[in-house]
Amino acid sequence: MRWRRDRRVPERSTLGVRDLAAEATAGILQRPARSLLTTLGTVLGVGAFVAVLGLTSTAAGQISSHFDALKQTTVTVTDVGDGRERDKDAPAPVAFPGDADQRVTALNGAVGAGVFWPVSLSKPVIGASVAVTARSSGNAGDLPVYAASAGLFGAIEPTVRVGRVFDRFHDRRGERVAVLGAAAAARLGISQLHAQPAVFINGAAFTVVGIIDDAERLPELLLGIIVPRGTAERMYRPPDPTISPAQMVIRTRLGAAQLIARQAALALRPDRPDLLQATPPADPHQLSDSVSGELTGLFLTLAAICLVIGAVGITNTTLVAVLERVGEIGLRRSLGARPRHIAAQFLTESTVLGTVGGLTGTALGVGVVLTVALVRDWTAVLDPATVLPAPLIGSVVGMLAGLYPALRAATTEPLEALRR
Amino acid sequence: MSAEDLVPPVIELAAVHRTYPGPPEVTALHPTNLTVRRGDYLVVVGPSGSGKSTLLNLLGLLDRPTGGSYRLDGVDVSGLPERDRTALRGGRIGFVFQAFHLLPHRTALENVMLAQIYNGTPRSARRAAARAALSQVGLDHRTHALPTTLSGGERQRVAVARALVTAPALLLCDEPTGNLDSTTARRLLELFDSLHAAGLTIVMITHSAEVARRAQRIVTISDGMLREGGRAEPAPAGAPT
């Protein structure tokens, strides 16, 4: 055999991308347990990041849906009066016109509307029998009595347990009829209507036409006796706007509440819209943003701390790896590796570890959001703009964390390294 | 002009010296002239601290001389930038270390292929060349063995195969038998003999008298002074040769 030397000596030493990737992968896999532990900090950091953003957006979604269901379709208009001093015995008439319900429901987006106010009675005596007096045990004088226009029932959509609710006919004619809230009916001992029971309010009989059971938009009605507005206006004083003002509840289509709130006062009293004040529901986006904003800020800080801890972890373990592999570094230098090749290898290793940590953390974070959503029966909301770049955070953390160890490795003298 | 002068030199040192800045300043190698021609088998012998490793590191481009001129395979490397010295180191010099320096998690074949990563050998050609190198050192049956499963002699043969796979102009060996028992060491030296016989230029540092006896040429180094000829110190009792 004759020794034949290859004279094609390269002008400079090289390290191809595939070789770099292969060497970095081999470097990571030669200590799998350590590599796994190294990625843990990034896994936790990125996982926390994704979980926090996912959970807050999911929770905000639930807040929105709750508001959408009820509050977002309810507008309240209040009679605020004109602010002038009046005789205590002759307060101003109700600012809502007699055809208030029709005026508002004519607006595009309004589904139902009705006026109500608590009737002010002096020394009320209320009972299911004419014999009930102020001192008798059957006096339920503490039960509130509400005056309501017929449209109110269309606005609040109560569940009618028995009988019916009164209508515009009863209202316009001032009929002495009453609808009882479920709690008031129980208090008065009325559960059936076949005997045509009546409620006596300060001696005046009101025929009970129905009992309502459920009124989510105006639950206080369940505690009281509801009489037609026309009847109340004829029999009792109008309400004092400063103490118990008349109010209108408007049920709107989804998304129309803000518009109806702007138009209602003018539709009801084009001559004096200032007498009425419409209260739109809280903007669900603003509310959820304010809730989630505070939570997100807090938890993102925690996620950032996790990422910093992860970065320090990667830096430490990569630095230890550099010290442990100093012989390998010397060998590679003797085989023709340039300092930049050594730096690139260690930087690639730490970046790959960070990327793996980022991917695992993202998967973990998504898993946490899905699990919480399943357990709480929520709809998981994950913004792709948050989830998709999350692994890159791991890559950047890994790369930054590997900078110093890579620099240390690159500046290791081959002579020193080979002696160890 | 003798016939020997017609053989081109691989190593030409002219007044090369190396001084380590102190304090105190230490001259590890005094101005030295040395010529090693292609196909030479040169052994450098000397006691510990005499400057053997300094000389080897200078020859292997792992260190720069303080002064003097060094031509490697016809290239004046004294003033070359580190980038070019690195390329020459990877392409024209093969190293064999006393401590083997094999990567423990890679097979014998992968350890040999490691030397081809940086010198531009195409990926498709590496495996065959590495197998050939392992075959050359008599390890074609151990290509997929991990270093931990190899004997000391086999490990050093893998290291030799790694040094040979890039077809270097010069094989630099630093106490290659230092960690081997006498039988294994003798077999390894027989391998070096055969490589030398095939025309490979070898420069070896050793304490071993037996190793020195096998060499074609011996230079002695003492207190940083190099002189032609001389003989190796007898190995300490019990020490591997």
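First the proteins, then the strands, lettered A, B, ... as listed; each starts at 1.
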Where B/R89 and A/R333 come nearest, the two heavy atoms and their spacing:
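Smallest heavy-atom distance, with atoms named: NE-O, 2.9 Å.
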Is it the side chain or the backbone of B/Q116 that comes within 4.5 Å of chain A heavy atoms, both, or neither?
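For B/Q116, there is no contact with chain A at all, as no heavy atom is under 4.5 Å.
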Is B/L103 in contact with chain A via its backbone, its side chain, both, or neither, using a 4.5 Å heavy-atom distance?
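Contact with chain A is through the side chain of B/L103 alone.
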When heavy-atom pairs shorter than 4.5 Å are enumerated against chain B, which of A/E23, A/R31, A/E328, A/R325 gives the highest number?
A/E23
For chain B, which of A/L15, A/L29, A/L20 has the most heavy-atom pairs under 4.5 Å?
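Top count of heavy-atom pairs under 4.5 Å with chain B: A/L15.
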Within a radius of less than 6.0 Å around CZ of B/R127, do more than 12 heavy atoms belonging to other residues, nucleotides or ligands occur?
no
A/R340, CZ atom: more than 12 neighbouring heavy atoms under 6.0 Å:
no
Just jot down the ring-ring contact (aromatic ring centres under 6.0 Å, His included) partners of B/F95, sequence neighbours excluded, or say none.
B/F97
What distance separates [X] [atom1] from [Y] [atom2], expressed to the nearest 0.5 Å?
| X | Y | atom1 | atom2 | answer |
| --- | --- | --- | --- | --- |
| B/N57 | A/S334 | CG | OG | 10.5 Å |
| B/T86 | A/H341 | OG1 | NE2 | 9.0 Å |
| B/R126 | A/D19 | CZ | CG | 4.0 Å |

A/R338 and B/D84 ion-paired at < 4.0 Å:
no
Beyond-backbone contact of B/L114 with A/L331, side-chain heavy atoms, under 4.5 angstrom:
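Yes. Closest side-chain heavy atoms under 4.5 Å.
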Worked verdict on B/H101 versus A/L335 for side chain to side chain contact (heavy atoms under 4.5 Å, CB included)
CA-CA 11 Å; B/H101 284 300; A/L335 294 175; over 6 Å; no
Sort out for me which of B/R123, B/R162, B/E82 touches chain A most, counting heavy-atom pairs under 4.5 Å.
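Among B/R123, B/R162, B/E82, the one with the most close pairs to chain A is B/R123.
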